[in-house]
Amino acid sequence: MSLLRVSALAKSFGARRLFAIDELTLLAGASYVLTGENGSGKTTLLRIMAGLETPDGGVGHYRSRRFDWQPYPDWLRREVIYVHQQPYLFHTSIAQNIAYGLCARRIDRRRRESLVAGAIAWARLEHLLATPPQKLSGGERQRVALARAWVLAPAVLLLDEPTASLDAESRRQTIELLRGFGSARTTTVIACHDRDVIELPDVRRLDLAGGQIVV
Amino acid sequence: MALVDASEAALRLLFSGDPELWGIVAVSLSVSLRAMLLAMPIGIGIGYLLATVDFPGRRMLIVVTQGLLASPTVVVGLILYLLLSRQGVFGQLQLLFTQTAMVIGQVLIALPVLIAFSLAAIQSADPRARETAIALGAADARIAWTLLVEVRFALMAAVCSAFGRVVSEIGCSLMVGGNIAGVTRNIPTAIALETSKGEFAQGIALGIVLLLVALGINSAFAFFQGESRR
């Protein structure tokens, strides 16, 4: 079943046409890797789908509901989560970082604490809880960011190069967490060049080349 | 020799708990703290809007604010005097020569500092902070609060800087306060008056208090600036 469909999505920077995608359909619960050369527009495409950038034109459909990209609908923000290549962690605690989206959704304290505890266990962050987020390694930050997204059980998760510039062990741990999203029935789109991610089972490939998506 | 005697007398005044001297200190701190309480939300709010919302005239507003950073406090006092005097637009309020008038003047003096420093602090925040808040579904008010908390040390530095400016200003306080003993006489106006009368002891004692306040503020400023760069 189609979850998120984008049609006639175009983006230019000045005279340079980055892409003009006729159609891209993401199926509910499916996992995708978005590949393409550097500068092909992978990050921009994810950021548009997350409402962090506006396209030049195009139409979106979420399930059967049509929406405009500008302004990006608030209700869609609750469904789609984007994680930066180098995630930003707020200058609070790890637990408060994970709870951020739950607070934004006004989840009551008791339920919030239980969900955060679950996310901490899922991402194996227990031993890091006393560490200030700014002192974490790249891999640990990535795990906190994934836990922060996982706890919200998003319908669509957009990840920008989650394994880039991580050491082998951190990459392994991150990939393991990415598999967890697949089983959580979240539709994931992972922009990356990492062969180990591309070759994950049940992952479909979307290639952004020449301004078009090639499935 | 006269300076030594005056300094000794000043220390005696300070440590004997002279009610007149400490009354002047209380007026100074009360007026400046009230001014800061009023100016902080307005200044930081305007700084946030200038940093995050694009609207016509925004650029000009930033230039004007930065220009006002160097505005002489006596000119602020003059304008406010004209507005509050009996023939002025707000003459009916009868605020001239009251602490309220001094508070208004100090709010006007603090605002450009708070706006300019908050704007700089928020603009220098990592752009991913705002995007992360948006991406996690935060509404506008929560996004604003998150961003302000993220740059809290830089904002505290802005507050210290503005407080340092208002607590030591004399021009505006003298013009709209009138230097009335026990009512509107604050540390800077009292120092000027006592010195002009040749009464150095109280001037020196108040100068010591003001220096200690300034030193405390500058230490806090340096601390918060250091924290904001960590």
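Chain A is the first sequence line, chain B the second, and so forth, proteins listed ahead of strands; every chain is numbered from 1.
The side-chain heavy atoms of A:L159 and A:L178, taken from C-beta on, include a pair separated by under 4.5 Å. Side-chain contact check for A:I98 versus A:I120: some heavy-atom pair is nearer than 4.5 Å. Looking at A:S31 and A:L200, their side chains never come closer than 4.5 Å, going by heavy atoms from C-beta outward.
Outside the 6.0 Å centre-distance limit, the rings of A:Y62 and A:F67 are not counted as a close aromatic pair.
At a 4.5 Å heavy-atom cutoff, the contact between A:V80 and chain B is made by backbone atoms alone. Neither the backbone nor the side chain of B:R130 comes within less than 4.5 Å of any heavy atom of chain A. For chain B, the nearby parts of A:I81 are the backbone and the side chain; heavy atoms of each come within less than 4.5 Å. Interface remark: A:R47 contributes side-chain atoms only to the contact with chain B (heavy atom separation under 4.5 Å). Contacts of A:Q86 with chain B are made by both backbone and side-chain atoms, with heavy-atom separations under 4.5 Å.
Aromatic ring pairs are classed by plane angle as parallel below 30°, tilted from 30° to 60° and perpendicular above 60°; the pair B:F221 and B:F117 is tilted.
Contact count versus chain B (heavy atoms, under 4.5 Å) is highest, among A:R78, A:R77, A:H84, for A:H84.
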